[in-house]
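Since the model is a prediction, treat every value here as computed from it, not as a measurement. To find a chain, count down the sequence lines: A is the first, B the second, and so on, and within it residues start at 1. Keep in mind that the numbers below use all heavy atoms, side chains included, and drop hydrogens, waters and symmetry copies.
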Amino acid sequence: DAGITQSPRHKVTETGTPVTLRCHQTENHRYMYWYRQDPGHGLRLIHYSYGVKDTDKGEVSDGYSVSRSKTEDFLLTLESATSSQTSVYFCAISALAGAAGTDTQYFGPGTRLTVL
Amino acid sequence: QKEVEQNSGPLSVPEGAIASLNCTYSDRVSQSFFWYRQYSGKSPELIMSIYSNGDKEDGRFTAQLNKASQYVSLLIRDSQPSDSATYLCAGKTSYDKVIFGPGTSLSVIP
């Protein structure tokens with residue numbers, strides 16, 4: 001399971017409140033990602049990190065910020081949650097896989113966030 | 001054109017049949033390709049990766065890549081009810097970003 005955990009697993013919050021989701025990995029992977037998954041849209045990249053304090057935006061980064069102060073933790077913050085941010089959020093890491101050592105993504109269990 | 005496209009389904013096949021899942025991609029997606037399986041309420045899990053034209057087999061699964069046609073497929077032989085899930089096609093760009101398709105729902109009927 002690539003040693004990835006996410007917390008919380010479920011959260012219900014109200015519009016306008018700040019929310020922080022945590023992704024924790026135990027295998028010292030350099031690259032970490034945050035995706036959201038919505039019906040009809042598949043997985044969309046929010047932000048990613050390529051090292052401690054090194055982050056960049058994905059395709060749907062508006063309204064989200066991230067931080068990575070330690071290799072093992074990648075935090076996703078919704079500064080002021082909106083109903084459009086109701087979604088399932090997945091954290092992922094990149095690791096080499098297979099005989100050819102292809103860089104492949106592995107996912108955490110997900111966080112289901114509901115913004116009322 | 002979306003960068004990675006899949007038929008949303010649902011695709012229904014009888015148990016024991018071959019399920020064929022298809023995916024097309026744009027010029028931006030040119031590197032490695034991946035198939036993930038996702039059960040309802042669970043996270044995606046990697047089934048196959050393919051980088052070269054042709055076929056790659058792993059047990060009951062065969063991935064096929066045709067770069068000239070910008071087409072990648074997944075065949076599941078001897079389909080089982082436990083194969084019922086959503087299958088996500090993904091491709092990597094030259095900037096090492098992974099782009100996912102919307103997924104195809106597969107239902108294997110006993």
Separation of B:Met48 CE from A:Thr104 OG1 (nearest 0.5 Å)
12.0 Å
Gap between atom CD1 of B:Ile99 and atom CG of A:Leu43 - 0.5 Å precision:
11.0 Å
Looking at A:Tyr33 and B:Val98, would you say the former's side chain and the latter's main chain have a donor-acceptor pair under 3.5 Å?
no
Donor-acceptor contact below 3.5 Å, side chain B:Ser43 vs main chain A:Gly110
no
Linked, directly or transitively: [X] and [Y] (ILVMFWY side chains, under 4.5 Å):
X       : Y       : answer
B:Leu11 : B:Ile47 : yes
B:Tyr51 : B:Tyr71 : no
A:Leu75 : A:Ile93 : no
B:Leu75 : B:Val72 : no
A:Leu45 : A:Tyr50 : yes

Are more than 12 heavy atoms from other residues, nucleotides or ligands located less than 6.0 Å from atom [atom1] of [X]?
X       : atom1 : answer
B:Asn7  : CG    : no
A:Glu14 : CD    : no
B:Lys67 : NZ    : yes
B:Arg77 : CZ    : yes

Contact part of A:Tyr31 toward chain B, heavy-atom cut-off under 4.5 Å: side chain, backbone, both or neither?
neither
Applying a strict 4.5 Å limit to non-hydrogen atoms, the region of B:Glu45 in contact with chain A is neither
So, do B:Leu88 and A:Gln37 sit near enough that their side-chain heavy atoms are less than 4.5 Å apart?
yes
Are the side chains of B:Gln38 and A:Phe107 in contact, using a 4.5 Å heavy-atom criterion?
no
Would A:Tyr48 and B:Lys97 satisfy side-chain contact (heavy atoms from CB on, under 4.5 Å), going step by step from the backbone distance to the final call?
CA-CA 10 Å; A:Tyr48 66 101; B:Lys97 297 279 181 67; 3.1 Å; yes
Of all the residues in residues 100-110 of chain B, which have a heavy atom that comes within less than 4.5 Å of a heavy atom in chain A?
B:Phe100, B:Gly101, B:Pro102
